[in-house]
Amino acid sequence: MTSKFFLTVCSGVCLLVAACSPSQKISITKANSLKEAYKNNFLIGAALNTSQIQEHDSVADNIIKQHFSAATPENIMKAEIIHPAWDTYNFDLADKLVAYGAKNNIKINAHTLIWHSQLPSFIRGIKSADSIKLYMENHINTVAARYNGKVYSWDVVNEALNEDGTLRNSVFLQKLGPDYIVEAFRLAQKAAPDTKLYYNDYNIEQPKKRAGTIEIIKKIKAAGVRIDGVGIQGHWHMNDAPLDKIEESIKEFSALGIEVMFTELDLSVLPNPRGRNNSADIAATTAYNESINPYKNGMPDSVQQKLAKSYEQLFQLFLKYKKNVTRVTFWGVDDGQSWLNDFPVRGRTNYALLFDRKLQPKKAFYSLIDLKNN
Ligand code: G3I
């Protein structure tokens with residue numbers, strides 16, 4: 001029997017119609033959109049940069065609307081941008097993002113309230129604990145309250161841990177002591193009662209850091225304060241995403257009765273000059289040399305395949321725990337946007353995401369679509 005196939009694409013759904021003899025006509029509906037493919041499992045998100053929030057590029061804009069049910073601002077809700085001076089707040093881009101989310105049915109995960117990095121420069125001039133406390137209160141009361149119920153969720157505290165699971169020696173720990181995390185969640189709960197509240201960090205699938213995270217979550221709960229979920233960032237390498245540790249983390253975090261999310265997923269394909277240390281600590285950079293930028297003229301097909309396979313294995317695991325995993329967010333839409341082009345080495349050409357620099361879907365994209373269609 002010979003069959004002809006017609007492919008129709010409409011609003012993210014492919015209709016594959018096999019035209020055989022009239023009696024054999026069949027119709028198979030296939031998702032051609034990430035958010036459609038995974039809609040019964042978890043939200044699919046992307047980090048958006050300023051240009052994407054401002055809808056400068058219509059091709060990127062169409063991709064965002066077609067494929068993503070969630071979005072995280074890559075930078076514009078961080079303290080240095082949204083709260084640049086003691087009494088000054090800059091809400092323009094965040095307001096725009098919130099309106100964009102509402103219009104396009106995209107849930108916004110706001111990022112982030114309390115983080116040691118990208119703090120406004122005035123913080124460096126603050127010497128007293130009372131003033132840091134007041135900064136934290138003002139910041140959360142103003143920013144979280146403004147977007148209460150308008151953003152779906154907040155990364156309330158970001159990256160508070162060292163690799164060994166102890167608390168990072170941030171300005172907040174130094175001035176306020178270890179209870180600052182509980183206090184941040186307490187303030188956020190009051191300011192944003194209609195928004196979900198999360199703790200977010202990298203490498204927390206690793207046993208020691210995972211234990212530190214569990215301690216934080218238990219402490220927040222023991223204080224009678226609300227925490228709704230934990231975000232495992234997911235900045236990994238395509239050769240060694242730690243699947244067993246990720247699985248163990250999903251189990252242990254879910255056992256605490258909270259949502260588990262993968263919040264900043266990307267898979268580097270480039271050599272890591274620092275060995276297997278997949279830190280996302282932006283202070284840890286290395287000098288450029290040609291040997292660690294092997295694909296500057298294009299990614300070989302073998303690497304393309306490997307990246308696709310690695311994404312597929314991760315999503316197989318996420319699907320296994322679809323009852324516990326509520327969102328998977330990629331840290332960017334396309335390879336050109338990725339922070340990994342400049343970290344841990346400036347000026348390289350990385351290929352960590354699902355869409356290439358021309359905004360075309362890569363093999364990795366199709367592998368994730370096929371995982372749901374087959
Ligand atoms: O805003 C300036 C701009 O004025 C200037 O022209 C430009 C020149 O380089 O720099 C711009 O600031 C950059 C900013 O991104 C916006 O593009 C900073 O230099 C750069 O350091 C900053 O990098 C961001 C990084 O966080 C900083 O911490 C990355 O885009 C962003 O992807 C990254 O995201 C973090 C998450 O928030 C937390 N988890 C780790 C993740 C990756 O580092």
Side-chain angles (χ1 to χ4, degrees), residues 45-54 56-57 60 70-85 90 92-94 96-97 108-121 123-124 139 143 151 153-163 168 170-172 184 198-206 209 213 229-237 261-268 270 272 274 277-286 288 327-348 350-355:
L48 303 187
N49 65 19
T50 305
S51 161
Q52 290 158 345
I53 292 166
Q54 291 175 324
H56 281 161
D57 180 336
T72 300
E74 187 176 0
N75 286 299
I76 57 107
M77 291 184 89
K78 291 172 178 172
E80 72 172 355
I81 296 175
I82 209 164
H83 188 177
N90 180 359
D92 292 355
L93 282 166
K96 167 89 182 65
L97 175 66
I108 304 300
N109 174 62
H111 174 84
T112 170
L113 288 169
I114 298 297
W115 187 29
H116 66 279
S117 189
Q118 286 181 282
L119 281 169
S121 55
I123 295 278
R124 281 196 290 275
H139 184 72
V143 181
V151 295
S153 51
W154 265 109
D155 292 334
V156 178
V157 176
N158 193 46
E159 301 174 4
L161 289 165
N162 295 314
E163 297 308 292
R168 184 192 286 273
S170 68
V171 63
F172 302 108
Y198 303 145
Y199 176 72
N200 190 54
D201 209 334
Y202 57 84
N203 286 353
I204 56 173
E205 70 283 356
Q206 298 296 331
K209 215 166 172 181
T213 306
V230 59
I232 300 169
Q233 291 188 4
H235 297 295
W236 294 308
H237 193 282
M261 285 147 288
F262 294 86
T263 52
E264 304 188 9
L265 181 59
D266 48 25
L267 297 177
S268 174
L270 296 181
N272 185 346
R274 293 172 301 137
N277 176 5
N278 258 340
S279 171
D281 181 348
I282 50 147
T285 52
T286 307
Y288 180 91
R327 171 165 58 90
V328 179
T329 291
F330 296 88
W331 203 240
V333 175
D334 66 277
D335 289 340
Q337 166 196 0
S338 170
W339 73 298
L340 289 171
N341 296 311
D342 287 312
F343 181 87
V345 181
R346 285 195 88 83
R348 295 200 296 178
N350 214 329
Y351 300 84
L353 296 167
L354 301 188
F355 293 86

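Starting from 1, each residue takes its place in the sequence as its number. In listed order, ligands and their atoms are each counted from 1.
- Distance CG/L93 to CD/Q54: 5.5 Å, rounded to 0.5 Å.
- Between the CD atom in Q233 and the CG atom in N158 there is a gap of 5.5 Å [rounded to 0.5 Å].
- Contact atoms of ligand 1 toward H235: 40 (C), 41 (C) (distance under 4.0 Å to a heavy atom of the residue).
- Of the listed residues (E74, E80, E159), the one carrying the non-hydrogen atom nearest atom 39 (N) of ligand 1 is E159.
- S170 and R168 share no side-chain donor-acceptor pair at under 3.5 Å.
- The proximity of W331 to ligand 1, defined as any non-hydrogen pair under 4.0 Å, is limited to the side chain.
- Note on ligand 1: Y202 sits outside its first shell, no heavy atom being nearer than 4.0 Å.
- Of all the heavy atoms of N158, the ones lying under 4.0 Å from any atom of ligand 1 belong exclusively to the side chain.
- Using a 4.0 Å heavy-atom cutoff, W115 is listed among the residues neighbouring ligand 1.
- No hydrogens or angles considered: nothing links the side chains of S338 and N350 as a donor-acceptor pair under 3.5 Å.
- There is a side-chain donor-acceptor pair under 3.5 Å between E264 and H235.
- The closest side-chain donor-acceptor pair between E74 and Q52, if any, does not fall under 3.5 angstrom.
- One option in R346, Q118, H111 has a heavy atom closer to atom 25 (C) of ligand 1 than any other, and that option is Q118.
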